[in-house]
Number of protein chains: 4
Amino acid sequence: MARKAGSDGSRTAEAIRAAGLRLIYEHGYEGMSLRDLAQAVGLQPGSLYNHIATKQALLFELVSGHMCALTEALDAALAGVEGPLARLDAFVAFHLRYHLDRKMEVFVNNSELRSLEPDNRAAITAMRRDYERRLADILATGAAEGVFVVPDVPVTSYAILAQLTGVASWYQPDGRLNAEAIIALHRDLVMHGLTGRRIPTAGG
Amino acid sequence: MARKAGSDGSRTAEAIRAAGLRLIYEHGYEGMSLRDLAQAVGLQPGSLYNHIATKQALLFELVSGHMCALTEALDAALAGVEGPLARLDAFVAFHLRYHLDRKMEVFVNNSELRSLEPDNRAAITAMRRDYERRLADILATGAAEGVFVVPDVPVTSYAILAQLTGVASWYQPDGRLNAEAIIALHRDLVMHGLTGRRIPTAGG
Amino acid sequence: MARKAGSDGSRTAEAIRAAGLRLIYEHGYEGMSLRDLAQAVGLQPGSLYNHIATKQALLFELVSGHMCALTEALDAALAGVEGPLARLDAFVAFHLRYHLDRKMEVFVNNSELRSLEPDNRAAITAMRRDYERRLADILATGAAEGVFVVPDVPVTSYAILAQLTGVASWYQPDGRLNAEAIIALHRDLVMHGLTGRRIPTAGG
Amino acid sequence: MARKAGSDGSRTAEAIRAAGLRLIYEHGYEGMSLRDLAQAVGLQPGSLYNHIATKQALLFELVSGHMCALTEALDAALAGVEGPLARLDAFVAFHLRYHLDRKMEVFVNNSELRSLEPDNRAAITAMRRDYERRLADILATGAAEGVFVVPDVPVTSYAILAQLTGVASWYQPDGRLNAEAIIALHRDLVMHGLTGRRIPTAGG
DNA sequence: CATGAATGAGTTTTCATTCAT
DNA sequence: TATGAATGAAAACTCATTCAT
């Protein structure tokens with residue numbers, strides 16, 4: 001009937017996004033019903049429409065929100081870092097750290113692109129390319145300067161991204177290795193793969 | 001009403017599996033309706049049930065069928081190959097070639113595990129572990145013999161698998177690079193990452 | 001494909017009737033599927049149609065078969081019995097004994113008339129009236145001769161039939177009372193209700 | 001699409017129960033489709049689910065609602081009536097009058113128990129036993145006090161209940177006999193059966 | 001801003017029945 | 001006679017969405 005005591009529009013909207021992310025992560029976009037979502041946030045299904053336009057708009061909001069935040073954070077992490085070696089190292093560390101903290105966002109962004117309507121999908125794909133180009137640029141510069149051995153820049157950058165992003169699919173915060181150990185390990189693996197040398201920050 | 005002249009059970013069943021794989025790849029398990037599937041194979045929806053028990057059983061059949069064939073083919077590819085270097089090389093080449101030919105199977109096997117019912121999911125997870133252990137064994141042997149630098153066997157094997165499997169997500173048979181070029185590139189990348197040396201077969 | 005070794009048309013048809021009766025008793029006509037029935041007799045669903053015309057025809061066959069046998073057996077039981085007292089007594093004993101042996105037929109004949117198509121239902125209703133008239137005739141004769149107190153022949157005959165037929169709904173062959181005890185008890189109850197006297201055959 | 005102007009939830013729910021009772025009476029539980037039910041109350045099939053949980057829950061609600069009301073009304077009818085003769089007489093009159101007014105409830109309660117899921121059936125069976133025990137108690141008391149001749153209390157109470165309940169299956173409100181005449185006739189029949197005497201209230 | 005009742009199209013699955021083999 | 005593959009209609013139920021209150 002009227003507003004529940006203590007409810008608050010923007011808090012409700014945020015709760016919807018949080019629950020929506022979790023439910024899409026667990027059941028997929030097609031597998032999440034708005035009834036489930038409404039129940040998760042303590043509303044009737046119809047009430048969701050005071051906060052979202054459609055189910056599809058919610059998905060787009062989640063996916064594009066993640067991409068925006070990701071790219072922005074990357075730019076902050078790379079700001080002021082100079083030289084391909086240092087920038088690659090920073091990229092690897094940033095990408096892993098960011099993704100390990102956001103298992104659900106990562107999975108949804110990888111698995112649910114096909115559930116986006118064509119226009120929405122095109123927008124997201126452009127954002128992804130934008131992000132991936134930053135790694136490709138680092139690799140290209142490093143190859144041009146002779147510090148990396150990169151037979152094919154696009155393929156190599158995809159390979160690195162797949163390797164790093166894949167970690168989110170098995171990482172457990174309370175597992176055998178903590179995040180920092182995993183990050184160190186992959187910095188080494190990537191750097192070694194491109195240069196044959198141990199990463200400089202390792203002191204070796 | 002009755003059997004169409006010339007219809008054949010096993011051919012229909014195979015057509016259902018093929019169309020089911022494609023539709024799940026395109027729309028996801030939840031996103032594929034049995035109406036769509038029936039239309040794709042030229043049947044009425046109810047007629048599907050002469051060939052499958054349930055929609056879930058079809059998914060399990062596709063996913064487990066892929067895992068069985070994959071493991072069997074790997075064992076054939078590794079048979080008689082001796083030494084960690086050669087075995088790793090053979091693994092990379094096999095895994096990539098097999099996956100590049102099966103974009104749809106790969107995507108479905110990675111994205112739709114969450115749509116399997118608990119028992120079915122457990123069975124598939126066990127099969128995956130079985131496959132992954134073959135790579136881990138190669139890495140462990142190579143590390144023990146001192147030919148690989150492997151700080152952590154499970155993490156490294158996941159990293160390699162993610163890197164290789166990820167190729168299927170962007171590979172286009174008629175793209176800029178053909179399959180053999182991609183395979184060569186990744187053999188190098190992986191081998192270099194673990195040994196610091198070019199792969200022996202590359203002649204360098 | 002071909003006939004199963006050892007199968008026999010009329011034996012199969014009888015098995016279908018037996019299983020059909022049991023399944024309709026357990027689940028109702030609408031609740032019994034021909035798939036269930038086929039499985040119960042070890043056939044594929046389509047094969048049933050070598051033995052029955054339609055599901056409805058099977059129901060009619062079961063229901064009308066029971067009514068025919070019932071009426072014929074009653075006539076045999078009453079043949080040569082003279083006088084309203086003796087005939088009523090014979091009716092009660094016969095009706096109870098016959099119904100106690102045929103729980104399933106009784107229930108189906110009472111509950112599934114509504115599932116008969118109009119023409120079939122009309123035929124069965126006529127057969128039931130035919131059977132019931134035999135009791136009504138006994139009561140009318142007894143009332144005319146002054147041996148029964150029967151304020152209303154149709155109502156009283158329905159009351160007696162309901163009372164006797166109802167026994168089949170709770171009777172258990174291995175229960176506390178055996179069939180003969182139950183029959184004796186109801187002969188007494190009915191006779192007492194109509195005459196105020198103990199039944200003559202009880203020796204009292 | 002949304003709520004029809006002037007629609008009212010509780011009125012709709014009641015209409016669903018009323019139409020559901022009639023349709024189950026006419027076609028049986030398995031034979032009633034929710035499409036038919038929706039049409040009978042002027043809704044789309046899916047809209048029924050705003051008022052019922054499942055088809056089975058509707059059946060249980062109808063059947064248990066009847067049993068509750070029946071038992072409560074019986075207790076009211078027997079309240080303050082003393083002595084087995086008077087209580088039996090009151091029971092017969094009450095049971096008949098209540099059942100003659102509720103042909104459909106009676107039939108559904110007798111025929112559709114098998115369509116209840118096990119737990120629901122067990123609950124109804126317990127309620128029935130509760131009701132039947134009230135008659136059995138009257139008979140037992142009367143037998144102990146020597147006013148009734150009751151060779152076997154359970155069998156006799158079932159016989160009386162079957163006789164009385166059976167009336168609902170043929171009674172027509174505009175038939176040859178009105179309800180009061182039928183009630184009088186059965187009071188006499190039952191009382192006579194147990195005592196050999198006319199009912200005291202008949203003044204004879 | 002929330003509710004509850006509604007829609008209409010959709011879901012997976014089952015059904016009685018048919019008929020080429 | 002039996003099978004197995006098919007039909008077309010229907011089943012119970014769910015869905016995203018709408019809107020009067």
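The chains referred to below are lettered A, B, ... by the order of the sequence lines, with proteins before strands, and numbering in each begins at 1.
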> Are K55(D) and E112(D) close enough for a salt bridge, meaning some N to O gap below 4.0 Å?
Replying inline: no

> Is the shortest side-chain N to carboxylate O distance from E14(D) to R11(D) below 4.0 Å?
Replying inline: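 Salt bridge absent between E14(D) and R11(D).
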
>> Tell me which residues in residues 16-34 of chain C lie within less than 4.0 Å of DNA chain E, going by non-hydrogen atoms.
In response: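 DNA chain E contact set from residues 16-34 of chain C: M32(C), S33(C), L34(C).
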
> Counting only N and O atoms by type, is there a donor-acceptor contact under 3.5 Å from the side chain of Q56(B) to the main-chain atoms of E117(B)?
Replying inline: yes

> Is the backbone N or O of E61(C) less than 3.5 Å from a side-chain atom of R17(C), with the two atoms forming a donor-acceptor pair by type?
Replying inline: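 The answer is no, because no donor-acceptor pair under 3.5 Å joins these two groups.
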
To the nearest angstrom, how far is [X] atom [atom1] from [N] atom [atom2]?
X       : N       : atom1 : atom2 : value
L48(B)  : dC15(E) : CG    : C1'   : 16 Å
L43(B)  : dA5(F)  : CG    : P     : 11 Å
Y49(C)  : dC19(E) : OH    : C1'   : 13 Å
I52(C)  : dT1(F)  : CD1   : P     : 14 Å
Q39(C)  : dT14(E) : CD    : P     : 13 Å
N50(B)  : dA5(F)  : CG    : P     : 6 Å
L37(B)  : dT13(E) : CG    : P     : 12 Å
E117(D) : dA12(F) : CD    : P     : 13 Å

> With a 4.5 Å limit on heavy-atom distance, are the side chains of L48(C) and L37(C) in contact?
Replying inline: yes

> Less than 4.5 Å apart, any side-chain heavy atom of N120(C) and any of L59(C)?
Replying inline: no

Think [X] has a side-chain N or O under 4.0 angstrom from the OP1 or OP2 of [N]?
X      : N       : value
Q44(C) : dG4(F)  : yes
S47(B) : dT7(F)  : yes
H51(C) : dA2(F)  : yes
T12(D) : dA6(E)  : yes
R35(B) : dT11(E) : yes

> A40(A) and L23(A): which non-hydrogen atoms are nearest, and at how many Å?
Replying inline: CB-CD1, 4.2 Å

> Which heavy-atom pair separates R22(B) from M104(B) by the least distance, and what is that distance?
Replying inline: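 Closest approach of R22(B) to M104(B), heavy atoms only: CA-SD, 3.8 Å.
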
> If each of G46(C) and S10(D) is mapped to the nucleotide of DNA chain E with the nearest heavy atom, which maps nearer the 5' terminus, i.e. the 5' end?
Replying inline: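 Per heavy-atom nearest nucleotide, the more 5' residue is S10(D).
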
> Using the C1' atoms of the five pairs at each end, what is the angle between the end axes of the helix from dA2(E)-dT21(F) to dT21(E)-dA2(F), to 10°?
Replying inline: 0°

> Which nucleotide, dT12(E), dT3(F), dT17(F), lies nearest any side-chain atom of K55(B)?
Replying inline: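 Per side-chain heavy atoms of K55(B), the pick is dT12(E).
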
> Distance from Y25(C) atom OH to S111(C) atom OG, nearest 0.5 Å?
Replying inline: 10.0 Å

>> Once rounded to the nearest 0.5 Å, what's the spacing between atom CG of L21(B) and atom CD of E26(B)?
In response: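 Those atoms lie 9.5 Å apart.
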
